[in-house]
Amino acid sequence: MEPMERSGMSATLRTVKEALTTEGCREGDAIRIRGWIRTRRDSKAGLSFLQVHDGSCFDPIQVVASGDLENYESEVVRLGTGCSVECEGTLVASQGKGQSVELQAVRIIPVGWVEDPDTYPVPAKRHTFEYLREVAHLRVRTNTFSAMARVRHCLAQAVHRYFHENGFYWVHTPIITGSDCEGAGEMFRVSTLDFENLPRTEEGIIDTAQDFFGRETNLTVSGQLNVEAYCLALSKVYTFGPTFRAENSNTSRHLAEFWMIEPEIAFADLADDADLAEDFLKSIFRTLLDELPDDMGFFRDRIDKTCIDRLEAFVESSFERMDYNEAIRLLEEAVAGGEKFDYPVSWGVDLQSEHERWLTETHVGRPVVVMNYPRDIKAFYMRQNDDGRTVAAMDVLAPGIGEIIGGAQREERLDVLDARIAEMGLDVSDYWWYRDLRKYGTVPHAGFGLGFERTIAYATGMANVRDVIPFPRTPRTADF
RNA sequence: UCCCCUGUAGCUCAAUUGGUAGAGCGAGCGGCUGUUAACCGCUAGGUUGCUGGUUCGAGUCCAGCCGGGGGAGCCA
């Protein structure tokens, strides 16, 4: 990185992280750092302390500004929370408590002022997450949101690294999709038609043939169907990208725009799928614990004191496997034994959140993979089991969150798939290319979906997925 | 979409049966201090979400609308 022309500083540029770690710097080094001021504390006896952060690590660096600095009275004492600065000096052992080293500055150059500190939206005080969502462009300057950004990055890198090291290819499935192949969930229309003057057919309906793609198009609700095509040539693949649902869901676990991870493996059955899910989740959480102890320590201290213990237990545990039949039997026994649920339990119903939590938290005490669900409550593409009433679907349930992964072995037999499409009232012609995959060299294959924001929320203890994505999109909210 | 809660200073919240709108934090200024959730003093800061209604009088009661939160459903 080139030194900024205006600074005229010549000392080696370091990140705050490098300055604070022995791998990066040693005491006595002449260095230069750049960043934003979190707080300034003055000693009128003749020096000031600036806490400067640059995003490279959780801790800020303390910059000691002596009154001897030529711009001390004119500029340094006017620097406050939010100002950007470039500082040059010597790395020294700290005389105070709270940090081992600090930067004894010989030059401090203000780069960007906060013109009116009274209006700065994120002064150094406590804020509610609800308020900070209204200033999402500045909330990343807080401890919580800068830590969140690093955790998010770390987990994203861990996802890619896990798959890459295990022979998976990252497949960029389309964001814009034809409407009729995806089925699940309300979708966002993609169109360049003039809303003020919509073209209509002779029958009076909107003429989508005149739209940009010559047909109705939407934003994707899942890359699964597309990634299956690549799976049946590359063997091990995954998607990791934005996903869109136009559902009017107003909860702490839903976003209109979120990121989803969907691996797909060929020559694999449901048991292979469950094994992959277990290995994958443990791997990315292990990486997070290893690589970001400071940020995770913050989440433990200020957000959720159990988050690290929970992840440690998660990565050390072995997942229980259990058939849906068995899960229902256990739940019915629990009810007979006096356990109270809001929703009744019987074979054929989908498990409610309270049922999932009981299984994984109370009964097993570890993550649980529930497998082979009734066919009537699952999607058309899931593989029919020989019993004629279940499909090879699975959910991974984890203590503290419930369902974290949903997956299935896919129906690879064309005749069975066609029968299912017909049974569910879907138009078989919409699935022509998906059916081709079964006509030409079909193989058993399986995959699962993982919501990235829910994963981050689980890892950090953050209660709302709106606070683990930089600029959340929810019903009636698309600011920034 | 349904149920519940909620909207007062930049932020977090008070304000008795309807009777002159307050505090803490933050900000500015001053004091003090190798400080670090600093501390002490002073100052500024309000059409109580919007519209209408009841009343001598509404932050308070009523209706509608808008925004926020929690839960449910849907799901990831």
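Chain letters run A, B, ... following the sequence lines, proteins first, then strands; residues in each count from 1.
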Dump every N/O contact between nucleotides 11-15 of chain B and the protein below 3.5 Å, one line per pair.
residue, atom, partner, partner atom, Å
rC11(B), O2', K125(A), NZ, 3.4
rC11(B), O2, K125(A), NZ, 3.1
rU12(B), OP1, T128(A), OG1, 3.2

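Separating the C1' atom of rG59(B) from that of rU16(B) is a span of 14 Å, rounded to the nearest Å. Across rU54(B) and rC5(B), the matching P atoms stand 27 Å from one another, rounded to whole Å. rA23(B) and rA15(B) have their P atoms separated by 15 Å, given to the nearest Å. The separation of rG52(B) from rC11(B), taken at their P atoms, amounts to 25 Å, rounded to a whole angstrom. Rounded to the nearest Å, the gap between the C1' atom of rA37(B) and that of rG24(B) is 14 Å. For the C1' atoms, the distance from rG69(B) to rG49(B) is 15 Å, rounded to whole Å.
If you check every strand for non-hydrogen atoms under 4.0 Å, Q104(A) touches a base. Contact annotation for Q62(A): base contact, defined as any heavy-atom pair under 4.0 Å involving a base atom. Contact annotation for G406(A): no contact, since no heavy-atom pair falls under 4.0 Å across all strands.
Under 3.5 Å, the side chains of Q224(A) and E264(A) contain no donor-acceptor pair of N or O atoms.
Each of T81(A) and Q51(A) lies near RNA chain B, and the nucleotide nearest T81(A) is the one positioned closer to the 5' end.
The partner of rA38(B) is absent, by the rule that a Watson-Crick or G-U pair needs both atom distances under 3.5 Å.
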